[in-house]
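Because the structure is a prediction, the values reported are computed rather than measured.
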Amino acid sequence: MNTLKFTKMHGLGNNYIYVNMFEETIAETDLQDLAVAVSNPYTGIGSDGMILICPSEIAPVKMRVFNNDGSEAKNCGNGLRCVAKYAYENGIVEQTEFHIETLGGLVSASLTLDDSNKVSLVTVNMGNPILHPDRIPVKGFRKLDYIINEPVSFKGNDLNMTAVSMGNPHAVFFVDNINKAPLHSLGPVIEKDPMFPDWVNAEFVEMVSDKEMHFRVWERGSGITQACGTGACAAAVAAILNHKAERNTDIMVHLAGGDLIINWQDNGDVLMTGPAEVICKGEFYIK
Ligand SMILES: N[C@@H](CCC[C@H](N)C(=O)O)C(=O)O
């Protein structure tokens with residue numbers, strides 16, 4: 001029986017099975033099935049998906065992320081913080097500032113260390129948000145350069161949508177009361193609506209002030225999760241585009257699993273700061 005060494009980590013409860021591809025080998029054709037298998041809470045380890053920590057030709061390390069349905073995404077904010085922590089604490093990198101390659105491009109990570117030389121916080125420069133509908137992608141808004149507070153309807157429910165890509169697609173909806181957000185009922189409907197050719201991550205946001213928001217997410221390929229780093233970035237960008245918050249200012253995002261600080265800088269870059277934690281390590285028996 002083949003075994004696979006893994007580390008389970010989480011960023012604010014958004015948990016993945018991390019595999020060190022500097023040491024492990026998995027056939028490309030097996031990756032999707034393996035992501036589904038390890039993620040299964042009954043017959044696997046249980047997770048929101050699987051993340052590969054890979055060698056890169058253009059950075060010290062590369063991240064590949066698979067949702068728990070086996071689909072591969074181009075970016076994962078909580079995953080990036082965990083990959084950064086893993087890379088430093090396992091000797092893949094020695095410096096506290098370095099680049100990480102993703103399928104969506106290069107990002108840079110900056111580590112805060114505690115007294116035991118462990119990574120306590122990670123700031124990731126997530127780069128510029130993508131706003132053009134063709135590049136998110138979203139169909140049906142051909143005449144617009146941006147989708148900001150546009151009226152849309154899902155199953156007869158009228159909402160206003162702001163669409164943002166952080167390398168992966170996000171649809172953000174502002175609500176008056178986060179506890180009444182239609183996460184369970186509309187999350188899966190929005191995710192697979194035909195207006196999103198690559199499907200979409202759906203986020204509901206209640207503004208507390210111009211520097212603070214509540215956030216809940218239905219993730220593409222994984223369903224409801226405790227947190228979504230790229231989603232929090234997209235929500236902060238959407239708040240600024242809708243004149244509910246300001247650029248170059250720290251915005252506190254309260255997710256189900258804890259808080260992230262997001263800052264959309266004047267130079268266009270989005271900074272995300274938050275924790276990353278190791279849960280356990282082990283061996284998975286591959287059937
Ligand atoms: N949880 C992640 C995003 C993971 C990928 C997403 N579900 C997608 O398919 O785009 C995050 O923290 O950003």
Side-chain angles (χ1 to χ4, degrees), residues 1-55 61-87 89-90 92 100 102-104 119 122 167-169 183-184 187-188 191-192 198-203 216-231 255-258 274-287:
M1 183 182 287
N2 288 332
T3 60
L4 181 76
K5 286 202 176 86
F6 71 87
T7 302
K8 186 172 179 180
M9 301 181 75
H10 77 96
L12 303 176
N14 188 202
N15 60 96
Y16 291 89
I17 304 307
Y18 290 78
V19 181
N20 181 347
M21 297 300 283
F22 288 81
E23 294 174 356
E24 299 288 322
T25 306
I26 310 167
E28 186 66 31
T29 46
D30 291 340
L31 289 173
Q32 294 198 324
D33 287 347
L34 186 62
V36 174
V38 298
S39 300
N40 190 304
Y42 305 105
T43 57
I45 305 161
S47 65
D48 294 324
M50 177 178 81
I51 289 184
L52 305 182
I53 301 168
C54 309
V61 63
K62 174 179 175 180
M63 175 185 77
R64 288 183 67 185
V65 52
F66 294 83
N67 294 309
N68 64 21
D69 71 351
S71 59
E72 185 168 14
K74 288 189 178 163
N75 206 356
C76 176
N78 293 317
L80 282 166
R81 297 197 314 283
C82 290
V83 168
K85 179 181 172 79
Y86 185 99
E89 293 183 0
N90 291 277
I92 294 171
I100 302 175
T102 73
L103 293 189
V119 176
V122 183
N168 56 349
L183 194 59
H184 291 85
E191 177 195 14
K192 293 182 182 164
D198 293 347
W199 299 356
V200 81
N201 298 285
E203 281 102 17
R216 294 293 179 271
V217 62
W218 178 279
E219 278 198 40
R220 175 179 70 166
S222 291
I224 293 174
T225 63
Q226 293 284 292
C228 178
T230 50
L255 305 100
E277 302 282 347
V278 177
I279 300 170
C280 61
K281 295 180 185 212
E283 281 187 357
F284 181 73
Y285 302 125
I286 300 174
K287 303 268 171 1

If every non-hydrogen atom of [X] is compared with every non-hydrogen atom of [Y], which pair is closest and at what distance?
X	Y	answer
Tyr16	Met50	CD2-N, 3.8 Å
Gly11	Ala227	O-CB, 3.9 Å
Phe6	Glu283	CE2-N, 3.5 Å
Ala202	Gly187	CB-O, 4.5 Å
Pro55	Met21	CD-O, 3.9 Å
Ile279	His10	CG1-CD2, 3.6 Å

Candidate pair Thr7 and Asn90, rule side chain to side chain contact (heavy atoms under 4.5 Å, CB included), full reasoning: CA-CA 11 Å; Thr7 302; Asn90 291 277; over 6 Å; no

Gap separating the [atom1] atom of [X] from the [atom2] atom of [Y], nearest 0.5 angstrom:
X	Y	atom1	atom2	value
Leu4	Asn20	CG	CG	10.0 Å
Asn78	Gln226	CG	CD	10.5 Å
Leu183	Glu203	CG	CD	10.0 Å
Ile100	Cys54	CD1	SG	11.5 Å
Ile17	Ile51	CD1	CD1	10.0 Å
Asn168	Trp199	CG	CH2	15.0 Å

Pairs flagged by salt bridge (Lys or Arg N to Asp or Glu O under 4.0 Å) wherever residues 6-17 is involved - sequence neighbours left out: none

Thr225, Asn67, Asn14 screened by side-chain hydrogen bond (donor to acceptor under 3.5 Å, both in side chains) with Asp48, the one that passes: Asn14

Mind checking whether [X] and [Y] have side chains closer than 4.5 Å, heavy atoms only?
X	Y	value
Leu34	Phe66	no
Ile286	Asp30	no
Arg64	Leu31	yes

Can you check whether [Y]'s main-chain N or O pairs, donor with acceptor, with [X]'s side chain at less than 3.5 Å?
X	Y	value
Asn15	Gly13	yes
Thr102	Asn75	no
Glu191	Trp218	no
Arg220	Asp198	yes
Asn201	Val217	no
Ser39	Ala35	yes

Derivation of the side chain to side chain contact (heavy atoms under 4.5 Å, CB included) call for Tyr18 and Val278: CA-CA 10 Å; Tyr18 290 78; Val278 177; over 6 Å; no

Step-by-step side chain to side chain contact (heavy atoms under 4.5 Å, CB included) determination, Leu12 to Arg81: CA-CA 11 Å; Leu12 303 176; Arg81 297 197 314 283; 4.1 Å; yes

Test side chain to side chain contact (heavy atoms under 4.5 Å, CB included) applied to Gln32 and Asp69, step by step: CA-CA 8 Å; Gln32 294 198 324; Asp69 71 351; over 6 Å; no

